[in-house]
Structure formats: structure tokens, C-alpha cells
Visitor: 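Dumping the structure here so I can ask a few things about it.
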Amino acid sequence: MQASGAPIVELAAVSKRYRGADDPRPALDDVDLTIHRGEIFGVIGESGAGKSTLLQVLSGLVVPDAGRVTVAGRDVGALGRRGLRELRRDIGVVFQGIHLLSSRTVRDNVRLALQLSPRSERPSRAAQAPAVDEMLEFVGLGHRGGHYPAQLSGGERQRVGLARALVARPALLLCDEPTSSLDTTTTADVLRVLARARDELGSTVIVITHDLDVVKALCDRAALLERGAVRELFTVARSDYRSMPSYREQVRRELM
Amino acid sequence: MQASGAPIVELAAVSKRYRGADDPRPALDDVDLTIHRGEIFGVIGESGAGKSTLLQVLSGLVVPDAGRVTVAGRDVGALGRRGLRELRRDIGVVFQGIHLLSSRTVRDNVRLALQLSPRSERPSRAAQAPAVDEMLEFVGLGHRGGHYPAQLSGGERQRVGLARALVARPALLLCDEPTSSLDTTTTADVLRVLARARDELGSTVIVITHDLDVVKALCDRAALLERGAVRELFTVARSDYRSMPSYREQVRRELM
Amino acid sequence: GCGAQQADAPGASDGAAAEPTTIQVAAVTSPMTDVVEAAGEAIGDGFEIELVEVSDYVTANTLLNDGEIDANFSQHVPYMEGFNAANDGTLTGVQPVYNFVIAFYSKTLDDIADLPTGGTVAIPDDASNTGRALKLLASEGVIELDPAVDPYEATVDDIASNPKELEFLQIPISSLNTAYEEADLVFQWPSHISALGLNPEDDGLITELDDTFALHVVVREEDADSEATAALIEAFTSDEVREVIESNETIEVAF
Amino acid sequence: MEWITELLAQHGDAMLEALAETGYMLVVSLLAAVLVGLPLGMTVFLTARGGLAEHRPVWSVANMYINIVRSFPFLLLVVFLIPFTRAVMGTSFGTQAATLPLCFVAVAIYARLVEQILREIPPGISLVARTMGATVPQAVLRVLLPEARSGLVYALTSASISLLSYSTVLGVVGGGGIGDFAMRYGYQEYNDALMYITIAVIVVCVLALQGIGHRISVRLDRR
Amino acid sequence: MEWITELLAQHGDAMLEALAETGYMLVVSLLAAVLVGLPLGMTVFLTARGGLAEHRPVWSVANMYINIVRSFPFLLLVVFLIPFTRAVMGTSFGTQAATLPLCFVAVAIYARLVEQILREIPPGISLVARTMGATVPQAVLRVLLPEARSGLVYALTSASISLLSYSTVLGVVGGGGIGDFAMRYGYQEYNDALMYITIAVIVVCVLALQGIGHRISVRLDRR
Ligand SMILES: Nc1ncnc2c1ncn2[C@@H]1O[C@H](COP(=O)(O)OP(=O)(O)OP(=O)(O)O)[C@@H](O)[C@H]1O
Ligand SMILES: Nc1ncnc2c1ncn2[C@@H]1O[C@H](COP(=O)(O)OP(=O)(O)OP(=O)(O)O)[C@@H](O)[C@H]1O
Ligand SMILES: [Mg+2]
Ligand SMILES: [Mg+2]
């Protein structure tokens, strides 16, 4: 499905070179890109191509050297501290490094996102617990809610990060390698959640991934970054995440 | 190629249940497994299946509740502090969480492994720098040697962790999701390094991965873990990592 | 105190050498230090005085008793005796040098009889000055002390009768001037109270001059008759020292 | 061991009173540390360059307060504050009044420790607060404080031990307390046995304090 | 402002000398902090439960030393140590001798700070040392110290400021120094102007110290 909505993300001639790096290559090099409301957009590219930088520019965490970044109609570079804060409350982010709070249980890590969501959209205290539990079930961690992050496996942590980003049902979802440590069964579960966020809530989703199966299963369009520049823009003939094989099925097919 | 050497890793009836977890399921459940010298062995399984636990048991980081773990002829459970240290010096580990030293440059992070390797096998100071640089070239980070970890992308960090584990050319290499954040080009580069470690140095390699392509390209055998138990043991009809398509090639083929 | 083993006195008493013999004399604060310095200028050939400034009276005695220094000039004899008794000390006062009038002062009162019931009285927090202050109050009938106790060693616990229900605030000598601003009655030395422009003759509500409390040159007993001690005594009774004492309104010559 | 019971019969009450005075000074100054020092330390952390609420002027003032108070040798601070103490408390002497300078130091010491601990939180944690659009109070209450709590408790133990040591010199303004007790009755009046017993009491109290702090801190650490 | 020049003409030399004495005491005691306190703090960290070199008896002794020295009222510690100081230094008074008790405290203070900082290193870092089979010295020298260096420098600044404050009390044994100078000439002899000037000098020195420590520490932080 090609996106039909108005633009929600626009980058115009955005460039970024990290200071202090003895490497002269830019992390972003004159990037022009428009992403539409309701779209699921993939960002692919080799390691170090600038994918994470692109995402950080969108939420104002990295300030580009040149160019203009517009998100939901707001010029990110022109936002003050307060404006940035409001923008960020509308955006869910899944970090590549995950960064769970070690002092909170899994359940409380996820609830944090609800507690910080804009007051107008914040569910009542009573409604938070079921929302959190539902999201944990979704990522297959219903039985781990009371654990602390240090007690989780790598993939479990990644799924907590996902649940945290999703639970507040943000209008724009930025995911940096959300399934990198997940097997296909769990990946399919995650993709299902992302697709539902778009279909049922109208969220726009931007997914960084190196896994082309994910792009094929989920995305409407995708951009290939190379050395900070958009090398190619694809419209994906989307296959259906529902048809992704279960891990056991896949193992049987491929290894037996 | 089926492994032919003597056993280097043997697990007999190994079980582990984490204390403090309110979940009654064991992380390892009566595991019997033998891995032979010179083998490349894959460990696969869904998230939370017990893969990382298995690896940690091998280097004595997690003490099993029951069963016997033998590595390189040594009973891991019976080793004292000193014996464990010596064992660990023969083992290279790539962590799922990576854990680079933030105060050291990329180059010095990798050199650390040389500095800690057993004195008898430690290259001279003069020989260390070229060995490190060679390994960084290998993982495609020749130009990043002087950077600090905080200045790297996710995949770059993962590759530094790999270089660190490989540079001392250990007899046994334990890799926990070494390519989870890498595109296929870089993955193929990494697999090439692992295969060379086995072919040229006779290292035994145990790889945890959720990526079946990696298993097919690299491993001689693989174990499928499910809820802590070995569900299935495969002998892999190995395809050749050299035939893994480059990322751009793969993108062209799958998305265009 | 602390355990006192006898250490070698650094060549104090054998005055035969060609090099002048250094006599180390501890003192705590001005005007004691000024007197020691004046004595240093006056001392005879073959000796010189080195001033050791310490900020604690006990330490001044400990150092002397342990043989680390040769003399001190920081106390009166009752204080010294207290030290000797408690520490098996062998100190002896060999020469009184100056004396001074201690007094109670008040910012608000002109007569000790006006002392209000429940008033605050600031007195020193060290043993010998506490006794001295209480003894002075008792001698004026403000309080009564337990007759079984040596008045020089009395503490606030030995007050037998306190008809005005006075509250006693015990603080270091150096803080008593500050208390002058707040308390109804304050004990103080003349050398300190002068900083507030006061003196015992004009401003003291009750005063005491007791030769028992003259400040002494103190040495170890075994050195009492040494040549160095003789030289010290001569120096501390010299015209230079007399001049320093006389130029200071708060103290008077005691030799 | 009879001399001990004898000694305690004679001085036990005074010692208990001194302990109570120290307890009072510690409790009040630790309260100040938590109520004022903790927010102050957070402020320095948050308003520093690159902080969540970067703000040079505020940072300068807060940081300067901490530095100046900490740089005063405590004895001099007590003396320096006498006029202020008198203005605020009506008197500059006695246990209550002596607690005021102790509070100033408590605030400064703990604020610096808090800042130091917050600086050790992995930067990714601040990042989480930032990307979630947390307001500064939210970041503090929901993210930073919980993450740092184990260290904060340990630092409070540390601070209280420093304060106990500082309180010893409050005899200057008649503050009393167990340290001053050891000085006056033990040292100045040559009652060595009493001095050692008092010191032993102090050491035991500190060990207990440290033990409790350590235990709570370990329990709060979930990493 | 003429009175200032006059005051300085009169007391300037004595003040400089006092500063030099303080400088001496600080340099020597900081040296002790680094040479002894740092290893001691590492020892407590390493030998604690779950540490890289868990060892209850060693931990108890080291931890106890730190707690006891820190909890001793400093003045009493100085006095308590007089016989020891005399045995070691030949004399127990004067600047050099006074530095010995200061060193004891310096070691204890810095050791505790070091331990606190090491506890904040992410556990994954110790894990790296462990899986690489590092010996304890290797883990310390190659992994833990470099990772903690920024915090360690900052803590050293912190410690030196505390020590400056402690050094004020060393007048008891004729230690001299700028703090004692301020007390002696300023407070006890009621020369307020001199006291305030001296305090200002101290504060400026400390601010400089703190500034330098902060700068180095930030530069060393690569996270
Ligand atoms: N320290 C711990 N305390 C309690 N439970 C733990 C701890 N570490 C791991 N577990 C649990 O043990 C199980 C196995 O964990 P392990 O890390 O071995 O999984 P894994 O197969 O490596 O998964 P992944 O692919 O997600 O990394 C998980 O369910 C996890 O929640
Ligand atoms: N803080 C920084 N300072 C200096 N260089 C940086 C910094 N962050 C990233 N870089 C560099 O910028 C380039 C782009 O980084 P980015 O994190 O965007 O890559 P990426 O496409 O996300 O890679 P990966 O797939 O490995 O995560 C990389 O070469 C990286 O080394
Ligand atoms: Mg990235
Ligand atoms: Mg794992």
C-alpha cells in the first residue's frame, strides 16, 4: 500500500558530520526525504551508513549541520526546549542500545512511557496496569513483568524496549533495529504489533533494519543509505507479515 | 565438514534455574552436549530459550545447579579461581551486550585482549599494533581505530567486540549473536573471519544466532534449544559463506 | 593525654657546646607567644629559644612531659598539677612571669546583683578555668560549691546551690567574647576582652587577682636546676620581657 | 572490668546526653542534606553543560555555593556564621544553634556527592528521559533518582559519617555532642579510660551506620 | 582599601608561610591518598561479596580501617597518634609531624570515595575483565582504573578540599597552615579583617583546585 496521507516527516538537504571524529566522511550527506502519515517506512544500509543518525535527527537528539527537518509540521531546528519536549511525547523511540532502567521492573519500565505521555492522552492510573500487561503479552513477556532488566535475556530486553515505545500508542514510531536479536517467531509477533499500530491507530512507523525480510514483510517504502546519502528509494511489493513462518517451521524447512 | 577431533566441550545433565526469578521454568534443563575440537557449532532457539546461559556455563560465569561441564579436558565446576582464569584465557567471548571500555579507543579495546592473553602466547609489544590493525581491517573498521566507543554506530561496536574476541586467536571462541546488528555484507566478512579462525588456527567456534542463514553458511552442526532443553541436533549441509551475497546485491535481488 | 614514654630530650641541659643550645619553648597564643619571643632576644650567650606554637594546652604539656620540647609557657601551677596528677607527670613551675585579673563582664548589667533569675552565664570549658570561674562566682555568693570539692577543680556538677537558677554555657576561652553579645554574664581573660575595648578594672562586674594563677615557665623536674633552665629564668625575668608585659595593659609583671 | 561499670555509673548520664545531642545534630543536618542538598546536587547536574536543563547562571550559583561552603575549613565556617546564626536562631550557642553551620556543610557535602553519583549514571538513561519528552521534574523523579537510589543511600551514609566528624568541633560554640564529650571529659581532663570508651562508642555507632547504609544500598542495586 | 595593603604588609609573610605549610601538608597527604588510599579503596571493592577477588577477612580489615579512621573525631586522632608519630618521625609536632595524622585520614577518605566510584562502573565492565581471564592486578590496572579515571580525579579534588578543612585542626600539634593562621590571628586575636582576608584566600585556592579537577575530569570522560 502506498502511503496516501500528508507528509509527517520531511528532510531537506540535511547533512551531519560528527565533530571530533578523525574520519572526514559525513554521517548524513545532503539527505532529502519525505515520509507520509500512516506509512511504514524502512531505512536500510550497511553498518555505519548513517541510519541511527537519521533517526536521531528526527527527534532533535542530533542537530544537523545543514538542512531542514520538519516533523508533524514543526521545524525541529526551530523548536525550543519546550517545543522539543512536546514533539518527543508524540514520538515513540526504540533505541538500538535499548537502555532499560535497571532500577525498575519490566512492568514499570513499560509503564514509564505511559506516565510520561501527554496528560490529555494519558490513561488513568487504573487503566495503565492493564495496558502495560496487554503490551507485555503482545511481545511475549507476560510472565516476566516482575523481573528486573538484569534478569532478562538479550532478546527479552529488546522486547521490553519495544513494549515501552509502543504502549503509549505514539503518532510516530521510530524503531532502530527492533528485531535484531529476535528469532522469526518473535520477529513476526513484533511486526504484527507494528502493523497494528499503523492500521488501528494510524501511527506512522519508521524502521531501521538490516534484515530485508522485515522490510519485505512490513514496509510500504524503504530508503537505502550509503555513506550518509540516500542511494535508492524503493516501493516495496509488500508481502504479509502474517505469512512469516514460525521459527520452528523455518528451522525445519531450512536446516532439516 | 563433520568435526573429527576429540571432544573439547562436554555437558552432562546440566541444569540451571535462576534464583530470584518468579518464573519456575529452568534456563537450562538437563542438557547433554558434546562439541568436538575444530568444529563450528551453532546454538539456535527462540528468545529466552537459554542460549546465553549455555555459553556462560562454559566459561564458568554461571554455575549450573546440576550436571558436569568439561571444557578442554577440565571440569569447570572443580576449577579454582586460578584454574578458571587460565581456562578463560584460552576462550574468546563475544558478548551479546558487547561491553566495550568507554575510556579506551577502539584500537586499545582490541589490544586489551592481547595484553591479557597468556604470557607464553602473547605477541611482543611491537607485534601487537599490527595484529590489532589487521584485525580491525578485517572487521572493516580500519578507519575507526582512534575513535572512542561512544562515537561508533551500533554495528561498529559489535564489530569491535568481535575483533577483541578474535585478536588473541583463542582455541575456543564463544560468540553470542555476533552478527545481530550487521547487514549481510558485514556478516559475510565476520563469518569469513570465524571460518578462518577454525581453518587456519584450529579454533573451535560456538555461535549463538537466531539467523538461520548464518547457521547454514558457517556451521558444521547446530543445536536447537527450547525452554532450556536441547530439542534437536542438526548436522548442517553447509553452504559456503563465500557465496553469501553482498548487501547491495541482496537488496537489488530482494527489493528491486 | 596519651601514653608517655620518655624520649631523649634534644640536647637541652648540657650547655658546654660551642654551638648555641636551642631551647624549645611551647606557647599557645598571644601574649604568651610575645613573652617567649622577648625572652628569646634576652637569653644569654650559648643559648637560643625556639618558639613552638601549639593551639592546645594539653598538647603543650604532653610534648614537654614526653621530652620532645624543653619548656612551655602556657599555664599556671594548678593547671600543671592537674596534669601531673593525671599523667604521672614530672612538670614543675620554675618562674612566675605575669599575672592578670580575671573578671566577669556583662553587656546588659552594671551590677552583679541585677543578675536575672534563669540568666545565662558563659564560662570556659577547660577544667582549670572552669574551676577558677566557679570559685569567683562562689566567692561573690552567686552560687555555692560543694565544700568537699577542691574549688580549683570544681565543675558545674559541683554546684551545691544555684538560687538564681543560672544556666551555664561552657565554651572555649576564644569564644567567650562572642558570648558577651548574648549571655547575661561572661567570664574572660583580660588579654581577650581587650579586643572588645573592655578591661577588668573599669568593666568587670566581679574580679579576682590570685597569684596562684600567675603564668609560669614550666620545665621537667629533672631539668629544674640545669644551666639551661637557669638561662631561661634569667631571660624570662629580663628587662625585655618586663617591657613587653608592661606595654600590655591586660597583664602585670609577677616577678 | 569493674572500672567500666564504675566509670559508666559516674559518667553514663552525661554520655547519653552527649549522644542525644549528636543524634539531634545528625538527624537535623541529614534532613537538611536530603531536603536541600539533594535538590541542589540535582540542580548542579541538570544545569551543567550538556545537562537536561542546561542553564549557566543557575549552575554557577549552585556550584559556587557548594564550593565555597566546602572550601571553608569547618571551624572557620562555624565562626564566620556566628552573626548569621544569632540573627536566625536568636543565639549562636548551644546544640540547636550549632546545628545550623552543620546544616550548611551537610547540604554542600551531600549535594556534591549527589552530583558525582548522577554523573556516573550511564548516558543512555538520560537519553531515555529525553526522548520520552520528560519534563525536568519527571526526568528527575521517575528516571534519575530511581536509577541512582542505591548510590544515593550509600552517599548519605558517607555524609553522615563526615558530619559526625565535623560535629566534634562544634564545642567551639558550645554545641556539645559525643565528640566534644570525648574531648572535654576524656582529653582535656585526662580521663583516658573515658576517652577510649567514648571513642569506642563513636566507632561502634559509625560501623552500625555504615553497615546499615551498605545493606540498604546493596538491596536497592538491581543491576 | 588602604587597610588591606597595610594588613598584608604586616602579616603577608606569615600568611605566605602558612600557605606554604598547608601546601606541604596537602601535597604529602594527597600523595598518601593516591599511593595508599587508592589501593585500599580498590581492595575493599575487589574483596567485597561478589567482587573479583572476594575475600571476607581482607575486606573486613580494610573496611574497618576506613570506618574507624573516618569516624574518629580528627582532633582526637591527632592526639591519639602522637606516640606513633613520634616513633616514626622522631618528633610529634611541627608541620611535618602533623602531616602524618592527616595522611591517615587522607587514606581513609579517598579509599571510601574510590570504592564508591568503582561501584558505579557498569557490571558489564567487570564481566569483560573476568571472561578475559584477567588476573586481579590486570583487571585493576587495565580495566577498572582506566574506566573510573574521570571519577577518580574528581574525587581526589573532593578529598583535597576535605583535607584542607581537616588541616585547620592541626594547630593542636603546631602544624601551622593557613586554616590555623586564620583561627589564631583572626579569631583568637580578634583581627576580623585578617580572618576574612585569609578565608577569602582559602576560598580562592579551593575554587581553583575544584576548577582544575572538574576540567581534567571532564576531559577524561569519554562516555
Ligand atoms: N540473571 C537472571 N535472573 C533471572 N532470570 C534470568 C537471568 N538471566 C536470564 N534469565 C532467564 O533465563 C532464561 C534464559 O536466558 P538466556 O539469556 O539464556 O536466553 P537466550 O536464549 O540467550 O535468549 P535471547 O535470544 O533473548 O538472548 C530467560 O527466560 C531469562 O529471562
Ligand atoms: N558521536 C559520534 N561521534 C563521531 N562519530 C560518530 C558518532 N556517532 C556516529 N558516528 C559515526 O557516524 C557514522 C554513522 O553512524 P550511525 O550510528 O548513524 O550508523 P548506522 O547506520 O546506524 O550503523 P549501524 O547499522 O552499525 O548501527 C558511523 O560511521 C559512526 O562511526
Ligand atoms: Mg545504528
Ligand atoms: Mg541471549
Side-chain angles (χ1 to χ4, degrees), chain C residues 1-4 28 55-62 65 75 78-89 91 107 119-131 152-158 167-187, chain D residues 7 9-18 21 73-98 100-101 168-177 179-196 198-199:
Chain C
C2 48
V28 175
S55 67
D56 177 73
Y57 295 90
V58 179
T59 319
N61 277 344
T62 314
N65 198 45
Q75 65 197 316
Y79 185 83
M80 183 197 75
E81 283 170 349
F83 177 86
N84 278 346
N87 299 280
D88 296 328
L91 305 184
K107 188 171 182 166
T120 308
V121 179
I123 59 173
D125 65 350
D126 61 283
S128 73
N129 282 299
T130 301
Y152 292 120
E153 289 179 6
T155 70
V156 287
D157 294 333
D158 300 321
E167 294 221 19
F168 289 90
L169 173 65
Q170 288 199 276
I171 53 180
I173 292 277
S174 54
S175 294
L176 287 168
N177 273 22
T178 311
Y180 178 75
E181 302 290 328
E182 298 176 16
D184 296 298
L185 199 61
V186 175
F187 175 93
Chain D
L7 214 61
Q10 201 185 335
H11 295 281
D13 286 353
M15 203 155 142
L16 280 183
E17 196 185 322
E21 284 162 356
F74 182 55
L75 204 48
L76 291 174
L77 181 70
V78 173
V79 167
F80 183 82
L81 284 179
I82 283 176
F84 177 77
T85 307
R86 190 179 297 145
V88 173
M89 314 276 295
T91 171
S92 57
F93 290 98
T95 306
Q96 288 198 356
L100 191 74
T168 322
V169 291
L170 289 174
V172 177
V173 290
D180 189 46
F181 179 86
M183 292 288 302
R184 293 228 335 250
Y185 296 94
Y187 179 59
Q188 301 280 359
E189 298 187 11
Y190 317 113
N191 194 336
D192 281 3
L194 187 59
M195 178 168 100
Y196 290 126
T198 312
I199 290 180

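Residue numbers start from 1 in every chain, and the chains themselves are labelled A, B, ... in the order their sequence lines are given, proteins ahead of strands.
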Visitor: Apply side-chain contact (heavy atoms from CB on, under 4.5 Å) to residues Arg86(D) and Ile82(D) and explain how you reach the verdict.
Guide: CA-CA 6 Å; Arg86(D) 190 179 297 145; Ile82(D) 283 176; 3.6 Å; yes
Visitor: Can you tell if the side chain of His11(D) reaches within under 4.5 Å of the side chain of Thr198(D), non-hydrogen atoms only?
Guide: no
Visitor: Would you mind checking which part of Gln170(C) comes under 4.5 Å of any heavy atom in chain D, side chain (CB onward), backbone (N, CA, C, O), both or neither?
Guide: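 Both parts, backbone and side chain.
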Visitor: Report yes if some heavy atom in the side chain of Thr91(D) is under 4.5 Å from a heavy atom in the side chain of Thr120(C); otherwise report no.
Guide: no
Visitor: Does Ile171(C) form a side-chain contact (heavy atoms from CB on, under 4.5 Å) with Leu176(C)? I'd like the steps, not just the answer.
Guide: CA-CA 7 Å; Ile171(C) 53 180; Leu176(C) 287 168; 3.7 Å; yes
Visitor: Which atoms of Asp56(C) come close to chain D, meaning under 4.5 Å heavy atom to heavy atom: side chain ones, backbone ones, both, or neither?
Guide: side chain
Visitor: Name the option with the most non-hydrogen atom pairs under 4.5 Å to chain C; the candidates are Ser92(D), Gly174(D), Gly94(D).
Guide: Ser92(D)
Visitor: What part of Thr59(C) lies closer than 4.5 angstrom to a heavy atom of chain D: side chain, backbone, both or neither?
Guide: both
Visitor: Which atoms of Val79(D) come close to chain C, meaning under 4.5 Å heavy atom to heavy atom: side chain ones, backbone ones, both, or neither?
Guide: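 For Val79(D), neither part sits under 4.5 Å from chain C.
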Visitor: Which atoms of Ala85(C) come close to chain D, meaning under 4.5 Å heavy atom to heavy atom: side chain ones, backbone ones, both, or neither?
Guide: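 Looking at Ala85(C), nothing touches chain D.
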Visitor: Taking atom CG of Leu91(C) and atom CD of Glu81(C), what is their separation to the nearest 0.5 Å?
Guide: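 Taking CG in Leu91(C) and CD in Glu81(C), the distance rounds to 10.5 Å.
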